[in-house]
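Only one structure is covered here, and it is reproduced in the block below.
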Amino acid sequence: MTEKIKVAVLFGGRSGEHEVSIMSARSVMSALDPEKYEIIPVGITREGAWITGEDPMHALEQEAFESTQHAAIFADPSQKGLWAGAGEVEKIEDASDAPLVENGADAQQLAALSRVDVVFPVLHGTFGEDGTVQGLLELAGVPYVGGGVLNSALAMDKIAFKAVVQAHGLPIPAYVWSTRRRWEADPDALLDKVEAELGYPVFTKPANLGSSVGICKCHNREELRQGLDEAARYDRRLLVEVAVPEAREIEVSVLGNEEPSASAPGEIIPSREFYSYEAKYLDTGEDASDLLIPASLDEAQIKEIQEMAVQAYRVIDGAGMARVDFLLSDPTGEIYLNEINTIPGFTTISMYPKLWEASGIPYERLLDWLIDLALDRHAENARSERVYRSATQE
Ligand SMILES: Nc1ncnc2c1ncn2[C@@H]1O[C@H](COP(=O)(O)OP(=O)(O)O)[C@@H](O)[C@H]1O
Ligand SMILES: [Mg+2]
């Protein structure tokens with residue numbers, strides 16, 4: 001029998017989507033085929049400590065770390081695999097002054113725990129989906145599921161993303177941006193610029209976040225001022241963009257490395273004026289936002305959206321997977337690219353896997369595919385020489 005592939009599944013993390021990540025990871029871990037894979041669950045606390053051991057997911061949920069060990073993947077390819085502390089990890093009361101790990105296990109006492117063949121970061125948002133964890137895994141020389149550093153960072157930063165996809169001719173709503181400091185130093189200059197270039201209504205957003213946190217729809221100067229202040233709570237860089245009139249929210253799942261394919265599009269019917277934090281997570285039961293699979297679109301629209309999704313994915317060096325989100329103006333039929341999520345929600349009822357299911361790829365098969373793609377991307381990267389050698393040299 002061939003040896004099982006060891007998959008370290010990362011979940012939790014330091015972002016506002018800590019709980020969502022735990023839910024996604026629970027689905028992933030219960031669907032990975034035990035005949036093929038050995039799962040090494042690695043939880044990341046809200047403070048950023050990595051934990052492993054018997055049941056790190058339970059430990060994260062209960063904030064009870066007695067049965068867990070401090071874990072690390074060294075950013076040094078000579079120390080491959082997952083390392084873990086010999087002693088217990090106490091709950092981290094206050095990361096600012098308490099020692100990270102108590103009961104004797106500190107970084108010096110970490111010992112090799114397991115080989116890791118591939119890492120599956122099931123982390124959403126900051127410090128997980130934004131290229132930071134991906135950078136760590138690159139340095140450590142471990143294959144991992146999903147996009148690389150550039151892809152993750154570009155998809156996360158709404159301002160950089162817009163500039164790049166616009167340069168490749170993809171349609172996006174008109175926008176202006178500012179740093180927080182420029183906004184604070186001269187608010188009227190930015191308010192005037194938005195009014196001159198965009199008009200109302202507009203959306204204000206922090207450049208790097210997710211889950212609609214810090215996003216406001218603004219209908220006049222006063223709301224714009226409040227919206228920018230709100231966005232400035234969350235980021236150093238701020239974005240303002242024209243509101244797409246009567247926007248329908250269309251989403252497409254993309255899968256693959258250099259030859260990606262797009263699923264049938266789905267549609268979100270938000271429970272509020274827009275797909276806000278409340279509409280995403282707080283409205284439940286009858287009041288919850290709805291997923292429509294497939295979206296009700298004609299053939300030409302479907303084709304256009306799928307082509308745009310694949311093009312956008314390629315432009316930002318997509319790998320593994322991404323959910324590409326569009327805004328379709330109901331009255332005009334115009335389609336705009338909104339954003340790309342490189343680690344989309346991954347519970348069995350989330351849009352990303354549901355769209356593939358509707359397109360003929362069941363959840364378990366999707367996971368196999370993503371792991372194959374991670375190994376393929378790692379192998380393709382490893383082909384590149386890193387040191388100059390003359391082509392004619394012996
Ligand atoms: N330009 C826009 N026009 C219309 N609605 C928008 C626009 N930008 C954002 N929205 C609404 O706000 C929601 C969240 O914005 P989005 O840019 O997707 O941020 P997040 O990364 O937090 O999901 C969207 O799903 C949509 O409902
Ligand atoms: Mg969104």
Side-chain angles (χ1 to χ4, degrees), residues 15-17 20-21 123-126 128-130 152-163 165-166 170-177 194 197-219 223-224 227-228 230-231 233-235 237-253 265-283 288-292 295 309 312 316 322-345 350-352 355:
S15 83
E17 289 153 294
V20 187
S21 155
L123 298 165
H124 307 303
T126 322
E129 194 179 347
D130 59 357
S152 307
L154 271 178
M156 193 71 190
D157 187 289
K158 295 188 197 301
I159 298 170
F161 174 77
K162 282 182 189 293
V165 295
Q166 194 174 37
L170 286 153
I172 54 164
Y175 69 101
V176 299
W177 69 278
V194 170
E197 293 183 22
L198 308 181
Y200 295 108
V202 288
F203 276 83
T204 45
K205 310 180 180 182
N208 282 272
L209 219 69
S211 292
S212 303
V213 173
I215 295 186
C216 300
K217 186 171 182 181
C218 317
H219 305 83
E223 287 180 13
L224 176 60
L228 283 162
E230 175 73 4
R233 289 173 57 195
Y234 297 101
D235 206 343
R237 290 155 77 243
L238 319 171
L239 172 68
V240 186
E241 66 181 60
V242 165
V244 173
E246 294 175 50
R248 288 173 63 189
E249 319 234 2
I250 309 292
E251 305 189 342
V252 179
S253 295
E267 178 164 3
I268 306 270
I269 313 288
S271 54
R272 309 258 172 153
E273 187 185 0
F274 70 96
Y275 200 29
S276 60
Y277 185 89
E278 289 77 8
K280 282 179 185 173
Y281 303 116
L282 303 183
D283 295 343
S289 299
D290 273 333
L291 306 192
L292 269 189
I316 64 164
R323 201 191 67 226
V324 185
D325 297 351
F326 296 88
L327 296 166
L328 181 135
S329 177
D330 208 20
T332 67
E334 273 169 310
I335 301 165
Y336 299 91
L337 181 59
N338 178 34
E339 61 159 347
I340 295 189
N341 290 283
T342 51
I343 310 183
S350 301
M351 187 62 112
Y352 184 85
L355 286 176

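Counting convention: from 1, in listed order, for ligands and their atoms alike. Not measured: the values here are computed from a predicted model.
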So for [X], does at least one of its heavy atoms come nearer than 4.0 angstrom to any atom of ligand 1?
{"X": "L327", "result": "yes"}
{"X": "K217", "result": "no"}
{"X": "P270", "result": "no"}

Where's the contact between [X] and ligand 1, heavy-atom distance under 4.0 Å: side chain, backbone, both or neither?
{"X": "K280", "result": "side chain"}
{"X": "S211", "result": "backbone"}
{"X": "D325", "result": "neither"}
{"X": "V242", "result": "backbone"}

(request) For the Mg ion (ligand 2), find the closest N/O/S atom belonging to E339 and write down its atom name. (result)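 Nearest to the Mg ion (ligand 2) within E339's N, O and S set: OE2.
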(request) Return yes if some donor-acceptor pair links the side-chain N/O of E129 with the main-chain N/O of I343 below 3.5 Å, else return no. (result) yes
Report, in ascending order of atom number, the atoms of ligand 1 lying under 4.0 Å from any heavy atom of [X].
{"X": "I215", "value": "14 (C), 15 (O), 16 (P), 19 (O), 22 (O)"}
{"X": "E241", "value": "1 (N), 2 (C), 7 (C), 8 (N)"}
{"X": "V244", "value": "1 (N), 2 (C), 3 (N), 4 (C)"}

(request) Answer yes if the side chains of E334 and S329 hold a donor-acceptor pair under 3.5 Å, and no otherwise. (result) no
Among protein heavy atoms, which sits nearest to [atom], and what does the distance come to when rounded to 0.1 Å?
{"atom": "atom 17 (O) of ligand 1", "value": "K205 NZ, 2.7 Å"}
{"atom": "atom 24 (C) of ligand 1", "value": "E249 OE1, 3.6 Å"}
{"atom": "atom 13 (C) of ligand 1", "value": "Y275 O, 3.6 Å"}

(request) Return the option from Y336, F203, Y175 holding the heavy atom at the smallest distance from atom 5 (N) of ligand 1. (result) F203
(request) Inspect the contact between E241 and K158 and indicate whether a charged nitrogen and a carboxylate oxygen are less than 4.0 angstrom apart. (result) no
(request) Please determine which of F274, Y336, Y275 meets the ring pair (Phe, Tyr, Trp, His ring centres under 6.0 Å) test together with F203. (result)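 In the set F274, Y336, Y275, the residue that makes a ring pair (Phe, Tyr, Trp, His ring centres under 6.0 Å) with F203 is F274.
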